[in-house]
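Every chain is numbered from 1 and lettered A, B, ... according to where its sequence line falls, protein lines coming before strand lines. Computed from heavy atoms alone, side chains included, the values below leave out hydrogens, waters and symmetry copies.
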Protein chains: 2
Amino acid sequence: MTDEQLSRLSEISHRKKYSVGQVIMSDQEPVTFFANIISGTIKLTKTIADGRQQIVGLLFPPDFLGRAFSRNNPYFAEAASDVEVCMFPNEAFERLIDVYPDLKHRLFERTLDELDAAREWMLLLGRKTAEEKVASFLLLLARRSLVVACPNEKPSLTRFELPLRRADMADYLGLTIETVSRQLTRLKAAGIVGMSDTRTLEVPDIAALVDVAGQGMAL
Amino acid sequence: MTDEQLSRLSEISHRKKYSVGQVIMSDQEPVTFFANIISGTIKLTKTIADGRQQIVGLLFPPDFLGRAFSRNNPYFAEAASDVEVCMFPNEAFERLIDVYPDLKHRLFERTLDELDAAREWMLLLGRKTAEEKVASFLLLLARRSLVVACPNEKPSLTRFELPLRRADMADYLGLTIETVSRQLTRLKAAGIVGMSDTRTLEVPDIAALVDVAGQGMAL
DNA sequence: TCCCTTCTTTGATCCAAATCAATTGCGGTG
DNA sequence: CACCGCAATTGATTTGGATCAAAGAAGGGA
(Lines give C-alpha, C1' and ligand atoms only; values in the text may rest on other atoms or scores of the structure.)
Protein backbone atom coordinates (compact mmCIF):
# COMPACT_ATOMS: atom_id res chain seq x y z
CA MET A 1 0.00 0.00 0.00
CA THR A 2 1.32 3.40 -0.89
CA ASP A 3 1.87 6.26 1.53
CA GLU A 4 -0.91 8.17 -0.10
CA GLN A 5 -3.30 5.31 0.54
CA LEU A 6 -2.21 5.10 4.14
CA SER A 7 -2.75 8.77 4.79
CA ARG A 8 -6.16 8.55 3.18
CA LEU A 9 -6.95 5.72 5.56
CA SER A 10 -5.88 7.61 8.64
CA GLU A 11 -8.17 10.46 7.69
CA ILE A 12 -11.29 8.35 7.88
CA SER A 13 -10.31 6.01 10.70
CA HIS A 14 -10.20 6.14 14.47
CA ARG A 15 -8.71 4.01 17.24
CA LYS A 16 -10.85 2.05 19.65
CA LYS A 17 -10.13 -0.20 22.63
CA TYR A 18 -12.00 -3.19 23.99
CA SER A 19 -11.35 -5.15 27.16
CA VAL A 20 -11.63 -8.94 27.60
CA GLY A 21 -15.10 -10.27 26.97
CA GLN A 22 -16.50 -7.14 25.34
CA VAL A 23 -18.63 -7.66 22.26
CA ILE A 24 -17.22 -5.90 19.21
CA MET A 25 -19.72 -7.07 16.63
CA SER A 26 -23.05 -8.74 17.24
CA ASP A 27 -25.00 -11.41 15.52
CA GLN A 28 -28.06 -9.23 15.52
CA GLU A 29 -26.87 -5.84 14.34
CA PRO A 30 -25.73 -4.89 10.85
CA VAL A 31 -22.01 -4.27 10.52
CA THR A 32 -21.21 -0.62 10.15
CA PHE A 33 -17.42 -0.71 10.09
CA PHE A 34 -14.25 -2.37 9.03
CA ALA A 35 -11.49 -2.77 11.60
CA ASN A 36 -7.81 -3.50 11.50
CA ILE A 37 -6.51 -5.21 14.63
CA ILE A 38 -3.61 -3.39 16.24
CA SER A 39 -3.13 -5.54 19.31
CA GLY A 40 -4.85 -8.39 21.13
CA THR A 41 -6.92 -11.35 19.98
CA ILE A 42 -10.51 -11.37 18.72
CA LYS A 43 -12.67 -14.47 18.60
CA LEU A 44 -15.49 -15.03 16.14
CA THR A 45 -18.17 -17.22 17.64
CA LYS A 46 -21.44 -18.92 16.82
CA THR A 47 -23.80 -19.83 19.62
CA ILE A 48 -26.84 -22.01 20.23
CA ALA A 49 -29.57 -20.84 22.60
CA ASP A 50 -28.73 -23.42 25.29
CA GLY A 51 -25.27 -21.92 25.67
CA ARG A 52 -23.23 -24.20 23.46
CA GLN A 53 -20.66 -22.14 21.64
CA GLN A 54 -18.15 -22.65 18.86
CA ILE A 55 -15.30 -20.35 18.00
CA VAL A 56 -15.19 -20.25 14.20
CA GLY A 57 -12.22 -17.97 13.78
CA LEU A 58 -9.43 -16.24 15.67
CA LEU A 59 -8.10 -12.87 14.57
CA PHE A 60 -4.65 -11.52 15.42
CA PRO A 61 -2.84 -8.36 14.35
CA PRO A 62 -2.76 -7.31 11.58
CA ASP A 63 -5.93 -9.15 10.55
CA PHE A 64 -9.08 -7.43 9.38
CA LEU A 65 -12.47 -7.67 11.00
CA GLY A 66 -15.54 -6.89 8.93
CA ARG A 67 -17.78 -7.99 6.10
CA ALA A 68 -17.09 -6.78 2.62
CA PHE A 69 -20.20 -6.22 0.49
CA SER A 70 -22.62 -7.49 3.05
CA ARG A 71 -24.42 -5.70 5.82
CA ASN A 72 -25.49 -8.62 7.92
CA ASN A 73 -23.19 -10.88 9.73
CA PRO A 74 -23.80 -14.32 11.22
CA TYR A 75 -21.16 -14.16 13.99
CA PHE A 76 -20.26 -12.56 17.24
CA ALA A 77 -16.89 -10.87 17.51
CA GLU A 78 -15.62 -10.69 21.06
CA ALA A 79 -12.38 -9.52 22.60
CA ALA A 80 -10.52 -12.64 23.78
CA SER A 81 -7.96 -10.37 25.42
CA ASP A 82 -7.66 -6.62 25.71
CA VAL A 83 -7.83 -5.42 22.14
CA GLU A 84 -7.01 -2.30 20.20
CA VAL A 85 -8.41 -1.77 16.73
CA CYS A 86 -8.40 0.86 14.02
CA MET A 87 -11.91 1.40 12.70
CA PHE A 88 -13.23 2.58 9.34
CA PRO A 89 -16.85 3.46 8.63
CA ASN A 90 -18.08 0.92 6.12
CA GLU A 91 -19.02 3.36 3.36
CA ALA A 92 -15.73 5.17 3.53
CA PHE A 93 -13.85 1.91 3.34
CA GLU A 94 -15.82 0.73 0.36
CA ARG A 95 -15.22 4.02 -1.40
CA LEU A 96 -11.55 3.41 -0.81
CA ILE A 97 -11.89 -0.04 -2.33
CA ASP A 98 -13.38 1.49 -5.45
CA VAL A 99 -10.41 3.80 -5.75
CA TYR A 100 -7.78 1.14 -5.10
CA PRO A 101 -8.96 -2.14 -6.65
CA ASP A 102 -5.82 -3.88 -5.44
CA LEU A 103 -7.27 -3.61 -1.95
CA LYS A 104 -10.27 -5.60 -3.03
CA HIS A 105 -8.02 -8.25 -4.48
CA ARG A 106 -6.17 -8.47 -1.17
CA LEU A 107 -9.42 -8.85 0.71
CA PHE A 108 -10.40 -11.63 -1.66
CA GLU A 109 -7.16 -13.48 -1.09
CA ARG A 110 -7.56 -13.09 2.64
CA THR A 111 -11.06 -14.52 2.43
CA LEU A 112 -9.73 -17.52 0.54
CA ASP A 113 -7.17 -18.06 3.29
CA GLU A 114 -9.91 -17.86 5.89
CA LEU A 115 -11.92 -20.42 3.95
CA ASP A 116 -8.97 -22.80 3.87
CA ALA A 117 -8.43 -22.30 7.59
CA ALA A 118 -12.11 -22.95 8.33
CA ARG A 119 -12.04 -26.17 6.32
CA GLU A 120 -8.84 -27.27 7.97
CA TRP A 121 -10.63 -26.79 11.26
CA MET A 122 -13.61 -28.81 10.03
CA LEU A 123 -11.28 -31.80 9.68
CA LEU A 124 -10.03 -31.19 13.20
CA LEU A 125 -13.51 -30.82 14.69
CA GLY A 126 -15.01 -33.78 12.88
CA ARG A 127 -12.24 -36.32 12.91
CA LYS A 128 -9.47 -35.62 15.39
CA THR A 129 -9.11 -36.93 18.97
CA ALA A 130 -8.90 -34.61 21.96
CA GLU A 131 -5.13 -35.03 22.13
CA GLU A 132 -4.70 -34.28 18.44
CA LYS A 133 -6.98 -31.26 18.74
CA VAL A 134 -5.04 -29.68 21.58
CA ALA A 135 -1.71 -30.46 19.94
CA SER A 136 -2.92 -29.00 16.64
CA PHE A 137 -3.95 -25.79 18.36
CA LEU A 138 -0.61 -25.44 20.12
CA LEU A 139 1.13 -26.14 16.83
CA LEU A 140 -0.85 -23.36 15.19
CA LEU A 141 0.34 -20.93 17.85
CA ALA A 142 3.91 -22.21 17.83
CA ARG A 143 4.15 -21.70 14.08
CA ARG A 144 2.63 -18.25 14.38
CA SER A 145 5.16 -17.21 16.98
CA LEU A 146 8.00 -18.58 14.82
CA VAL A 147 6.93 -16.48 11.90
CA VAL A 148 6.76 -13.39 14.03
CA ALA A 149 10.03 -14.05 15.79
CA CYS A 150 12.27 -15.05 12.90
CA PRO A 151 10.86 -15.34 9.41
CA ASN A 152 13.77 -17.19 7.87
CA GLU A 153 15.08 -19.71 10.37
CA LYS A 154 13.53 -22.87 11.71
CA PRO A 155 14.56 -23.13 15.34
CA SER A 156 13.32 -26.13 17.27
CA LEU A 157 12.59 -24.33 20.53
CA THR A 158 9.70 -21.94 20.78
CA ARG A 159 8.11 -20.08 23.62
CA PHE A 160 4.84 -18.22 23.35
CA GLU A 161 1.82 -16.93 25.22
CA LEU A 162 -1.55 -18.67 25.04
CA PRO A 163 -3.90 -15.95 23.83
CA LEU A 164 -6.95 -17.83 25.14
CA ARG A 165 -8.21 -19.16 28.44
CA ARG A 166 -9.06 -22.82 28.75
CA ALA A 167 -12.76 -22.11 28.19
CA ASP A 168 -12.01 -20.46 24.84
CA MET A 169 -9.62 -23.21 23.81
CA ALA A 170 -12.43 -25.65 24.53
CA ASP A 171 -14.85 -23.62 22.42
CA TYR A 172 -12.36 -23.48 19.59
CA LEU A 173 -11.65 -27.23 19.68
CA GLY A 174 -15.14 -28.56 20.33
CA LEU A 175 -14.16 -29.93 23.75
CA THR A 176 -14.81 -29.15 27.41
CA ILE A 177 -12.54 -27.16 29.71
CA GLU A 178 -11.70 -30.28 31.69
CA THR A 179 -10.63 -32.25 28.65
CA VAL A 180 -8.41 -29.42 27.41
CA SER A 181 -6.77 -29.21 30.82
CA ARG A 182 -6.21 -32.97 31.00
CA GLN A 183 -4.68 -33.12 27.53
CA LEU A 184 -2.35 -30.25 28.38
CA THR A 185 -1.09 -32.06 31.47
CA ARG A 186 -0.63 -35.20 29.39
CA LEU A 187 1.48 -33.32 26.84
CA LYS A 188 3.43 -31.78 29.69
CA ALA A 189 4.00 -35.19 31.30
CA ALA A 190 5.17 -36.58 27.96
CA GLY A 191 7.74 -33.78 27.73
CA ILE A 192 6.29 -32.51 24.47
CA VAL A 193 5.47 -29.10 25.92
CA GLY A 194 6.52 -27.14 28.98
CA MET A 195 4.45 -24.60 30.91
CA SER A 196 6.13 -22.10 33.20
CA ASP A 197 2.74 -20.55 33.89
CA THR A 198 -0.80 -21.46 32.74
CA ARG A 199 -0.54 -19.00 29.85
CA THR A 200 3.11 -19.47 28.82
CA LEU A 201 4.17 -22.40 26.71
CA GLU A 202 7.46 -23.88 25.53
CA VAL A 203 7.81 -26.37 22.73
CA PRO A 204 11.28 -27.92 22.84
CA ASP A 205 10.79 -29.95 19.67
CA ILE A 206 8.19 -28.91 17.17
CA ALA A 207 8.52 -32.16 15.22
CA ALA A 208 7.31 -34.07 18.28
CA LEU A 209 4.27 -31.82 18.50
CA VAL A 210 3.57 -32.31 14.81
CA ASP A 211 3.59 -36.06 15.45
CA VAL A 212 0.83 -36.02 18.03
CA ALA A 213 -1.17 -33.36 16.13
CA GLY A 214 -1.81 -35.80 13.28
CA GLN A 215 -1.30 -34.43 9.82
CA GLY A 216 -3.36 -31.93 7.94
CA MET A 217 -1.75 -29.03 9.74
CA ALA A 218 -0.04 -27.81 6.61
CA LEU A 219 0.11 -24.20 7.65
CA MET B 1 -23.82 -12.24 -17.40
CA THR B 2 -24.32 -10.95 -20.94
CA ASP B 3 -24.82 -13.07 -24.03
CA GLU B 4 -21.48 -11.97 -25.34
CA GLN B 5 -19.81 -13.19 -22.17
CA LEU B 6 -21.58 -16.50 -22.40
CA SER B 7 -20.54 -17.08 -25.96
CA ARG B 8 -16.98 -16.21 -25.07
CA LEU B 9 -17.16 -18.81 -22.33
CA SER B 10 -18.45 -21.53 -24.59
CA GLU B 11 -15.56 -20.94 -26.96
CA ILE B 12 -12.96 -21.82 -24.36
CA SER B 13 -14.84 -24.49 -22.45
CA HIS B 14 -15.58 -28.17 -22.88
CA ARG B 15 -17.91 -30.71 -21.27
CA LYS B 16 -16.62 -33.54 -19.15
CA LYS B 17 -18.25 -36.43 -17.28
CA TYR B 18 -17.22 -38.24 -14.13
CA SER B 19 -18.76 -41.30 -12.55
CA VAL B 20 -19.26 -41.95 -8.82
CA GLY B 21 -16.03 -42.04 -6.87
CA GLN B 22 -13.84 -40.56 -9.58
CA VAL B 23 -11.32 -37.96 -8.47
CA ILE B 24 -11.82 -34.63 -10.21
CA MET B 25 -9.17 -32.61 -8.44
CA SER B 26 -6.36 -33.91 -6.27
CA ASP B 27 -4.65 -32.69 -3.19
CA GLN B 28 -1.30 -33.14 -4.80
CA GLU B 29 -1.65 -31.62 -8.24
CA PRO B 30 -1.96 -27.94 -9.10
CA VAL B 31 -5.39 -26.92 -10.32
CA THR B 32 -5.44 -26.25 -14.03
CA PHE B 33 -9.09 -25.48 -14.56
CA PHE B 34 -12.29 -23.92 -13.42
CA ALA B 35 -15.47 -25.94 -13.69
CA ASN B 36 -19.15 -25.20 -13.61
CA ILE B 37 -21.26 -28.10 -12.38
CA ILE B 38 -24.01 -29.07 -14.80
CA SER B 39 -25.42 -32.08 -12.97
CA GLY B 40 -24.60 -34.31 -10.02
CA THR B 41 -22.92 -33.69 -6.68
CA ILE B 42 -19.25 -33.13 -5.96
CA LYS B 43 -17.70 -33.55 -2.53
CA LEU B 44 -14.63 -31.67 -1.33
CA THR B 45 -12.71 -33.74 1.19
CA LYS B 46 -9.71 -33.60 3.47
CA THR B 47 -8.07 -36.82 4.57
CA ILE B 48 -5.63 -38.05 7.19
CA ALA B 49 -3.19 -40.84 6.35
CA ASP B 50 -4.93 -43.43 8.55
CA GLY B 51 -8.08 -43.10 6.45
CA ARG B 52 -10.08 -40.64 8.51
CA GLN B 53 -11.88 -38.31 6.18
CA GLN B 54 -13.92 -35.14 6.44
CA ILE B 55 -16.11 -33.66 3.75
CA VAL B 56 -15.53 -29.90 3.91
CA GLY B 57 -17.91 -28.87 1.18
CA LEU B 58 -20.63 -30.13 -1.13
CA LEU B 59 -21.12 -28.67 -4.60
CA PHE B 60 -24.35 -28.81 -6.56
CA PRO B 61 -25.35 -27.29 -9.90
CA PRO B 62 -24.76 -24.50 -10.75
CA ASP B 63 -21.82 -24.17 -8.30
CA PHE B 64 -18.26 -23.53 -9.39
CA LEU B 65 -15.29 -25.76 -8.69
CA GLY B 66 -11.83 -24.26 -8.76
CA ARG B 67 -9.38 -21.93 -7.10
CA ALA B 68 -9.22 -18.32 -8.16
CA PHE B 69 -5.75 -16.80 -7.98
CA SER B 70 -4.07 -19.83 -6.52
CA ARG B 71 -2.48 -22.81 -8.18
CA ASN B 72 -2.35 -25.19 -5.27
CA ASN B 73 -5.31 -26.65 -3.59
CA PRO B 74 -5.61 -28.37 -0.22
CA TYR B 75 -8.62 -30.56 -1.04
CA PHE B 76 -9.76 -33.54 -3.01
CA ALA B 77 -12.75 -33.10 -5.26
CA GLU B 78 -14.57 -36.35 -5.92
CA ALA B 79 -17.77 -37.21 -7.73
CA ALA B 80 -20.35 -38.14 -5.08
CA SER B 81 -22.70 -39.20 -7.86
CA ASP B 82 -22.36 -39.25 -11.62
CA VAL B 83 -21.35 -35.73 -12.51
CA GLU B 84 -21.22 -33.55 -15.57
CA VAL B 85 -19.17 -30.37 -15.59
CA CYS B 86 -18.22 -27.60 -17.97
CA MET B 87 -14.48 -26.94 -17.81
CA PHE B 88 -12.40 -23.84 -18.48
CA PRO B 89 -8.62 -23.79 -18.66
CA ASN B 90 -7.44 -21.65 -15.78
CA GLU B 91 -5.56 -19.03 -17.80
CA ALA B 92 -8.46 -18.48 -20.17
CA PHE B 93 -10.85 -18.07 -17.27
CA GLU B 94 -8.62 -15.59 -15.54
CA ARG B 95 -8.25 -13.60 -18.72
CA LEU B 96 -12.02 -13.49 -18.82
CA ILE B 97 -12.08 -12.21 -15.28
CA ASP B 98 -9.77 -9.38 -16.26
CA VAL B 99 -12.13 -8.42 -19.03
CA TYR B 100 -15.28 -8.67 -16.92
CA PRO B 101 -14.50 -7.51 -13.38
CA ASP B 102 -18.07 -8.17 -12.34
CA LEU B 103 -17.26 -11.85 -12.62
CA LYS B 104 -14.55 -11.45 -10.04
CA HIS B 105 -16.96 -9.72 -7.72
CA ARG B 106 -19.38 -12.63 -8.09
CA LEU B 107 -16.64 -15.10 -7.30
CA PHE B 108 -15.80 -13.08 -4.22
CA GLU B 109 -19.38 -13.12 -3.01
CA ARG B 110 -19.59 -16.83 -3.62
CA THR B 111 -16.43 -17.34 -1.58
CA LEU B 112 -17.93 -15.36 1.29
CA ASP B 113 -20.98 -17.62 1.16
CA GLU B 114 -18.75 -20.68 1.24
CA LEU B 115 -16.94 -19.25 4.25
CA ASP B 116 -20.22 -18.72 6.07
CA ALA B 117 -21.31 -22.25 5.23
CA ALA B 118 -18.00 -23.67 6.44
CA ARG B 119 -18.30 -21.84 9.75
CA GLU B 120 -21.90 -22.91 10.16
CA TRP B 121 -20.63 -26.45 9.75
CA MET B 122 -17.91 -25.87 12.33
CA LEU B 123 -20.64 -25.22 14.89
CA LEU B 124 -22.36 -28.41 13.83
CA LEU B 125 -19.18 -30.51 13.96
CA GLY B 126 -17.95 -29.10 17.25
CA ARG B 127 -21.11 -28.75 19.27
CA LYS B 128 -24.10 -30.64 17.92
CA THR B 129 -25.29 -34.13 18.90
CA ALA B 130 -25.58 -36.95 16.36
CA GLU B 131 -29.33 -36.44 16.12
CA GLU B 132 -28.97 -32.70 15.56
CA LYS B 133 -26.27 -33.30 12.97
CA VAL B 134 -28.36 -35.67 10.89
CA ALA B 135 -31.44 -33.47 11.20
CA SER B 136 -29.42 -30.41 10.18
CA PHE B 137 -28.16 -32.16 7.10
CA LEU B 138 -31.62 -33.25 6.06
CA LEU B 139 -32.86 -29.73 6.68
CA LEU B 140 -30.15 -28.39 4.41
CA LEU B 141 -31.31 -30.68 1.62
CA ALA B 142 -35.00 -30.05 2.27
CA ARG B 143 -34.50 -26.30 1.98
CA ARG B 144 -32.45 -26.74 -1.17
CA SER B 145 -35.16 -28.81 -2.80
CA LEU B 146 -37.76 -26.24 -1.80
CA VAL B 147 -35.87 -23.48 -3.51
CA VAL B 148 -35.48 -25.51 -6.65
CA ALA B 149 -39.07 -26.68 -6.70
CA CYS B 150 -40.95 -23.48 -5.93
CA PRO B 151 -39.04 -20.32 -5.15
CA ASN B 152 -41.94 -18.35 -3.73
CA GLU B 153 -44.10 -20.64 -1.65
CA LYS B 154 -43.41 -22.36 1.63
CA PRO B 155 -45.11 -25.74 1.50
CA SER B 156 -44.75 -27.93 4.55
CA LEU B 157 -44.29 -31.22 2.69
CA THR B 158 -41.10 -31.87 0.81
CA ARG B 159 -39.73 -34.89 -0.95
CA PHE B 160 -36.16 -35.14 -2.18
CA GLU B 161 -33.34 -37.48 -3.07
CA LEU B 162 -30.35 -37.99 -0.79
CA PRO B 163 -27.37 -37.13 -2.98
CA LEU B 164 -24.99 -39.07 -0.69
CA ARG B 165 -24.58 -42.58 0.60
CA ARG B 166 -24.46 -43.18 4.34
CA ALA B 167 -20.66 -43.27 4.30
CA ASP B 168 -20.51 -39.80 2.78
CA MET B 169 -23.13 -38.44 5.14
CA ALA B 170 -20.98 -39.76 7.99
CA ASP B 171 -17.90 -38.06 6.55
CA TYR B 172 -19.81 -34.81 6.20
CA LEU B 173 -21.19 -34.92 9.75
CA GLY B 174 -18.16 -36.25 11.61
CA LEU B 175 -19.96 -39.49 12.53
CA THR B 176 -19.82 -43.18 11.62
CA ILE B 177 -22.04 -44.94 9.12
CA GLU B 178 -23.77 -46.85 11.90
CA THR B 179 -24.64 -43.74 13.87
CA VAL B 180 -26.06 -42.01 10.80
CA SER B 181 -28.21 -45.04 10.07
CA ARG B 182 -29.46 -45.25 13.65
CA GLN B 183 -30.36 -41.58 13.79
CA LEU B 184 -32.24 -41.87 10.51
CA THR B 185 -34.32 -44.74 11.86
CA ARG B 186 -34.97 -42.72 15.03
CA LEU B 187 -36.23 -39.77 12.98
CA LYS B 188 -38.33 -42.15 10.94
CA ALA B 189 -39.77 -43.74 14.10
CA ALA B 190 -40.60 -40.30 15.48
CA GLY B 191 -42.54 -39.51 12.31
CA ILE B 192 -40.34 -36.54 11.53
CA VAL B 193 -39.19 -37.97 8.22
CA GLY B 194 -40.38 -40.69 5.90
CA MET B 195 -38.25 -42.89 3.62
CA SER B 196 -39.82 -44.72 0.72
CA ASP B 197 -36.38 -45.96 -0.27
CA THR B 198 -32.93 -45.51 1.31
CA ARG B 199 -32.25 -42.55 -0.94
CA THR B 200 -35.67 -40.87 -1.05
CA LEU B 201 -36.86 -38.72 1.81
CA GLU B 202 -40.11 -37.02 2.76
CA VAL B 203 -40.40 -34.30 5.34
CA PRO B 204 -44.08 -33.82 6.28
CA ASP B 205 -43.42 -30.89 8.59
CA ILE B 206 -40.26 -28.87 8.18
CA ALA B 207 -40.84 -27.03 11.46
CA ALA B 208 -40.55 -30.34 13.33
CA LEU B 209 -37.23 -31.03 11.61
CA VAL B 210 -36.00 -27.54 12.48
CA ASP B 211 -36.82 -28.33 16.10
CA VAL B 212 -34.58 -31.36 16.35
CA ALA B 213 -31.84 -29.76 14.22
CA GLY B 214 -31.18 -27.16 16.91
CA GLN B 215 -30.84 -23.63 15.72
CA GLY B 216 -28.07 -22.05 13.74
CA MET B 217 -29.43 -23.44 10.50
CA ALA B 218 -30.35 -19.99 9.24
CA LEU B 219 -29.95 -20.80 5.58
C1' DT C 1 -32.56 -66.12 -12.94
C1' DC C 2 -28.80 -66.44 -9.43
C1' DC C 3 -24.60 -64.97 -7.62
C1' DC C 4 -21.55 -61.53 -5.90
C1' DT C 5 -20.57 -57.23 -4.30
C1' DT C 6 -21.66 -53.20 -2.02
C1' DC C 7 -24.73 -50.65 0.99
C1' DT C 8 -27.63 -50.43 4.96
C1' DT C 9 -29.61 -51.74 9.17
C1' DT C 10 -29.55 -53.70 13.70
C1' DG C 11 -27.53 -55.59 17.90
C1' DA C 12 -23.86 -56.08 21.67
C1' DT C 13 -20.00 -54.15 23.78
C1' DC C 14 -16.50 -50.75 24.72
C1' DC C 15 -14.26 -46.45 25.41
C1' DA C 16 -13.06 -41.42 24.95
C1' DA C 17 -14.79 -37.52 26.39
C1' DA C 18 -18.63 -35.35 28.99
C1' DT C 19 -20.52 -34.51 33.27
C1' DC C 20 -20.50 -34.01 38.13
C1' DA C 21 -17.84 -32.68 42.10
C1' DA C 22 -14.14 -30.92 44.79
C1' DT C 23 -9.83 -28.81 45.42
C1' DT C 24 -6.10 -25.82 44.30
C1' DG C 25 -4.09 -21.73 42.55
C1' DC C 26 -4.03 -16.85 41.52
C1' DG C 27 -4.82 -11.89 40.83
C1' DG C 28 -7.03 -8.15 42.57
C1' DT C 29 -9.02 -5.22 46.36
C1' DG C 30 -10.53 -3.62 50.81
C1' DC D 1 -2.52 -9.63 54.83
C1' DA D 2 -6.82 -12.00 54.31
C1' DC D 3 -10.74 -12.41 51.68
C1' DC D 4 -13.23 -12.98 47.39
C1' DG D 5 -14.15 -14.49 42.82
C1' DC D 6 -12.54 -16.55 38.90
C1' DA D 7 -9.52 -19.90 36.37
C1' DA D 8 -7.43 -24.25 36.25
C1' DT D 9 -6.55 -28.79 37.77
C1' DT D 10 -7.71 -33.33 39.32
C1' DG D 11 -10.71 -37.18 40.51
C1' DA D 12 -15.03 -40.21 40.12
C1' DT D 13 -18.75 -41.53 37.35
C1' DT D 14 -21.70 -41.56 33.35
C1' DT D 15 -22.81 -41.68 28.61
C1' DG D 16 -23.15 -40.89 23.57
C1' DG D 17 -21.18 -42.49 19.91
C1' DA D 18 -17.48 -45.73 18.20
C1' DT D 19 -16.28 -50.25 17.40
C1' DC D 20 -17.05 -55.00 16.57
C1' DA D 21 -20.08 -58.35 14.51
C1' DA D 22 -23.94 -60.14 11.75
C1' DA D 23 -27.64 -60.20 9.14
C1' DG D 24 -30.66 -58.27 5.74
C1' DA D 25 -31.55 -55.29 1.10
C1' DA D 26 -30.38 -53.73 -3.32
C1' DG D 27 -28.20 -53.51 -7.49
C1' DG D 28 -25.89 -55.41 -11.60
C1' DG D 29 -23.55 -58.52 -14.44
C1' DA D 30 -23.17 -63.22 -16.53
Heavy atoms under 4.0 Å, any strand shown: does B:G21 hit a base, just sugar-phosphate, or nothing? nothing

Given D:dT9, C:dA18, D:dA21, identify the nucleotide with an atom nearest to the side chain of B:E178. D:dA21

Atom-pair distance (CD1 on B:I177; P on D:dA21), nearest Å: 16 Å

Name the closest nucleotide to the A:A130 side chain, picking from C:dA17, C:dT9, D:dG17. C:dA17

Length of the CG-C1' vector between B:L125 and D:dG17, whole Å: 15 Å

Spacing between A:R165 atom CZ and D:dT9 atom P, to the nearest angstrom: 13 Å

Would you sort out whether A:E114 and A:R119 count as a salt bridge (Lys or Arg N to Asp or Glu O under 4.0 Å), showing the intermediate values? CA-CA 9 Å; A:E114 285 187 301; A:R119 286 173 166 171; over 6 Å; no

From the options D:dG17, D:dT9, C:dA17, select the nucleotide whose nearest atom is closest to the side chain of B:T179. D:dG17

Return the 5'-most residue of the pair A:D197, A:R186 with respect to DNA chain C, ranking by each residue's nearest nucleotide. A:R186

Whole angstroms only, please: what is the CE-C1' distance between B:M195 and D:dA26? 13 Å

Would you check if there is a donor-acceptor pair between the side chains of A:E202 and A:S196 at a distance under 3.5 Å? yes

Give the rounded distance in Å between these two atoms: NZ of B:K188 and P of C:dT8. 12 Å

Closest to the side chain of A:R182, out of D:dG11, C:dA17, C:dT9, is D:dG11

Verdict with reasoning, B:D116 to A:R67, per salt bridge (Lys or Arg N to Asp or Glu O under 4.0 Å): CA-CA 11 Å; B:D116 286 345; A:R67 304 271 300 168; 2.8 Å; yes

Contact nearer the 5' end of DNA chain C, comparing A:T198 with B:S181: B:S181

Side-chain atoms of A:T185 come closest, of C:dT8, C:dT10, D:dT9, to D:dT9

B:T176 side-chain N/O to D:dG17 phosphate OP1/OP2 under 4.0 Å: no

Between B:E78 and B:T45, do the side chains contain a donor N or O and an acceptor N or O under 3.5 Å apart? no

Pi-cation contact, A:F60 with A:R144 (under 6.0 Å, within 45°): yes

Whole-Å gap separating P (C:dA17) and NZ (A:K128): 13 Å

For A:M169 and D:dA8, give me the distance from atom CE to atom P, rounded to whole Å. 9 Å

Which whole-number value in Å describes the distance from B:R199 CZ to C:dC7 P? 10 Å

Does a side-chain N or O from A:R166 land closer than 4.0 Å to OP1 or OP2 of D:dA7, or not? no

